[in-house]
Protein chains: 2
Amino acid sequence: MTSIKDVAAEAGLSVATVSRVLNDHPSVSADARTRVLAAVETLGYRPNAVARSLRTDQTHALGLVISDVLNPYFTELARSVEEEARALGYSVIIGNADERPDLQDHHVRTLLDRRIDGLLVSPTDGGSPLMLDAARAGTPMVFVDRWIPGVDVPVVRSDGREAVRDLVAHLHRLGHRRVAIIAGPAATTTGSERVEAFRAALAEHGIPLPDTYTGQGDFQADSGRRVTEGFLDLPEPPEVVFAADNLMALGALDAIRARGLRVPDDIALAAFDDIRWFVHTDPPITAIAQPTGELGRAAVRALVDRIEGRPPESVTLPARLVVRRSCGESPSPVQRSTT
Amino acid sequence: MTSIKDVAAEAGLSVATVSRVLNDHPSVSADARTRVLAAVETLGYRPNAVARSLRTDQTHALGLVISDVLNPYFTELARSVEEEARALGYSVIIGNADERPDLQDHHVRTLLDRRIDGLLVSPTDGGSPLMLDAARAGTPMVFVDRWIPGVDVPVVRSDGREAVRDLVAHLHRLGHRRVAIIAGPAATTTGSERVEAFRAALAEHGIPLPDTYTGQGDFQADSGRRVTEGFLDLPEPPEVVFAADNLMALGALDAIRARGLRVPDDIALAAFDDIRWFVHTDPPITAIAQPTGELGRAAVRALVDRIEGRPPESVTLPARLVVRRSCGESPSPVQRSTT
DNA sequence: GCCGTCCATGTAAACGATTCCACGAGGAGG
DNA sequence: CCTCCTCGTGGAATCGTTTACATGGACGGC
């Protein structure tokens with residue numbers, strides 16, 4: 001590989017001058033500049049980012065540790081994160097934790113070893129010592145979607161409470177009274193919050209949420225299937241199943257279908273996280289949509305603010321209900337299905 | 001950050017010895033080893049991967065330039081790539097090209113600047129000078145899914161010809177004669193190959209594939225929608241639409257539905273690339289499934305072979321037809337829907 | 001008892017950039 | 001004409017590692 005020395009030799013100048021041209025430092029003559037640029041051109045020289053990082057102590061790379069790449073919600077998040085980061089001059093290195101704390105730790109560790117400038121995390125659990133240490137040690141960090149209470153790190157997330165209330169009102173209006181939820185892991189904020197929001201909204205209508213109607217999932221399709229089977233085996237199965245994420249909704253759909261039951265006639269279904277395919281499932285699924293792209297962009301902006309010395313801001317954006325047909329025909333004007 | 005010097009000081013040894021312990025070089029006493037390890041422990045020292053890379057000229061990172069992260073096929077590919085890479089001791093840096101050659105170039109460039117050890121590419125086009133130069137210059141590289149003819153780079157892909165023939169036989173058996181295809185960009189191998197395979201298979205049954213029935217898409221949902229609308233506007237619309245990827249199938253479904261038509265009664269639909277949601281669409285979609293995970297793993301193995309000096313192997317794996325209901329009820333025993 | 005090996009360790013030179021500091025030329029101002 | 005500043009440039013230190021080479025002690029064989 002050609003180095004800055006080769007360029008200097010080719011241009012008949014010192015490496016210092018070449019470096020100055022490349023970083024457009026003001027104090028360099030027009031003549032030197034053109035000679036350097038010509039040399040760069042003929043040699044096809046590209047600066048070695050590794051060496052540059054070592055010297056400047058910046059990598060211009062952000063780490064993104066995501067709970068599960070196969071989940072379309074996180075895929076979209078990752079995409080918007082990369083887009084905004086690119087616009088701000090950063091690369092993104094994605095680590096997929098697959099909802100496993102050990103994998104999450106692995107990625108955090110290697111990202112820190114690679115000296116990324118900042119870390120975007122959607123924690124799969126309450127936070128490992130490694131991550132908490134890093135946060136305390138001053139690694140620029142931002143939580144996105146999920147967060148860890150009690151840690152002094154900005155959080156960018158969406159608040160689904162209002163949308164959950166809308167959903168419950170919708171269900172109530174359709175006459176449903178026995179409603180169940182497939183919860184996410186209690187160790188995650190989104191896992192517990194969604195249950196809480198659901199329970200609170202139900203209470204407003206005087207509907208209880210008994211333990212038998214709260215199943216414990218792990219945000220993966222299999223758990224949705226398993227929990228739903230449990231619900232269907234109950235002497236008095238629920239009339240509605242609300243899955244706390246889209247993959248568990250997929251699993252629920254599998255389970256319902258495997259029994260030869262139909263949605264929404266035999267049992268209604270709703271999900272947290274809206275994805276494009278929900279328009280085309282049989283039936284189209286009523287879901288709570290997060291402003292995913294905006295979340296990703298806001299998270300990057302917060303992180304880069306932190307990295308570049310500006311005060312970062314936590315951001316909370318509202319989610320909204322998208323009514324489709326999976327809970328029954330809605331005669332009301334709330335209907336607002338988007339394509 | 002604590003450096004190797006701090007560790008050396010804490011252990012009362014030289015940095016060389018510390019380094020030897022860390023890279024478990026044979027020639028180091030048991031006493032020194034324990035002292036170094038203790039020092040590492042108390043200081044919480046982690047080696048700086050940037051400095052290490054500069055010195056050793058290896059980053060233990062692979063670049064993966066993917067055509068579109070939002071496409072579930074590529075998401076799954078990315079996931080398996082990361083898994084296998086991790087097992088072999090490498091990290092993966094993903095670049096999303098969004099089917100745009102300029103973005104692809106951007107990512108290739110930054111990945112090369114970061115001195116990744118090797119590059120995995122699924123090219124969006126015929127290959128930019130940048131990428132061809134890199135390949136010629138000896139950057140370890142492997143093409144996955146798509147490739148560029150005439151470049152001396154191993155290719156890991158799947159061959160869909162047999163499956164396409166099965167699909168056409170299936171369509172023919174169901175009585176369909178007027179069949180159309182939504183093709184991918186001709187600049188991509190998968191774009192042109194799938195049309196060719198389809199045309200060849202149709203010919204075996206004496207069915208022509210007129211120009212009016214070949215629509216030009218770009219592997220994105222919007223193009224699938226647009227092309228399908230064109231088909232439906234024809235005086236004699238096709239009886240079947242075959243989309244060359246899953247996103248264009250989604251767009252086709254949108255378009256068909258927007259006209260109030262039904263699949264498969266009014267028009268049949270099939271897709272290349274099987275994804276989990278196809279089981280739950282209305283109706284479940286007949287698709288050609290690639291061994292995506294195996295492709296990703298094989299690609300990584302080939303690339304790492306190349307990097308570590310072993311001869312890399314091109315790999316071609318067969319795709320297979322998964323019959324569901326979107327082309328009409330199949331009375332035949334070919335039925336082999338998987339969940 | 002001496003010499004040659006081998007082993008553990010240390011010293012110092014790289015890797016490829018950035019950047020502090022020194023230096024010389026040239027211009028402005030007295 | 002001398003002094004002082006400014007500006008362009010180069011030399012060299014530095015970032016945190018790895019590793020070739022040197023060194024010195026222990027040990028075995030004769």
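Proteins get letters first, then strands, A, B, ... in listed order; numbering begins at 1 in each. No hydrogens, no waters, no symmetry mates; every other heavy atom, side chains included, goes into these values.
- Residue B:Ser27 places at least one side-chain N or O closer than 4.0 Å to OP1 or OP2 of C:dA8.
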Q. Can you list the steps and then say if A:Ser53 with A:Gln58 is a side chain to side chain contact (heavy atoms under 4.5 Å, CB included)?
A. CA-CA 5 Å; A:Ser53 293; A:Gln58 319 178 12; over 6 Å; no

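- Direction change of the helix axis from one end of the helix from C:dG1-D:dC30 to C:dG30-D:dC1 to the other is 50°, with five pairs defining each end axis (rounded to 10°).
- With rounding to whole Å, B:His25 atom NE2 is found 9 Å from C:dA8 atom P.
- Looking at B:Asn48 and A:Asp113, their side chains never bring a donor and an acceptor atom within 3.5 Å of each other.
- Residue contacts for A:Ser29: at a heavy-atom cut-off of 4.0 Å it reaches the sugar-phosphate backbone alone, with no base atom in range.
- At a threshold of 4.0 Å, the pair A:Arg79-B:Asp98 counts as salt-bridged, since one of the basic side-chain nitrogens sits closer than that to a carboxylate oxygen.
- One interatomic measurement links the two molecules: CD of A:Gln58 to P of D:dC15, which rounds to 16 Å at whole-angstrom precision.
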Q.
What does the B/S/- profile of nucleotides 14-23 of chain C look like, 5' to 3', with a 4.0 Å heavy-atom cutoff to protein?
A. BBBBBBB---

(Q) For A:Ser122 and A:Phe143: C-alpha separation, side-chain torsions, deciding distance, then whether side chain to side chain contact (heavy atoms under 4.5 Å, CB included) applies. (A) CA-CA 6 Å; A:Ser122 166; A:Phe143 288 139; over 6 Å; no

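- Annotation for B:Asn23: atom CG counts as buried by contact number, over 12 foreign heavy atoms lying within 6.0 Å.
- Taking CZ of B:Arg109 as the reference point, atom CG of B:Leu130 lies at 5.0 Å (rounded to 0.5 Å).
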Q: Check step by step if salt bridge (Lys or Arg N to Asp or Glu O under 4.0 Å) holds for B:Arg301 and B:Glu294.
A: CA-CA 10 Å; B:Arg301 282 194 297 266; B:Glu294 200 38 62; 3.0 Å; yes

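- Here A:Glu99 contributes atom CD and A:Asn71 contributes atom CG; the two are 8.0 Å apart, rounded to the nearest 0.5 Å.
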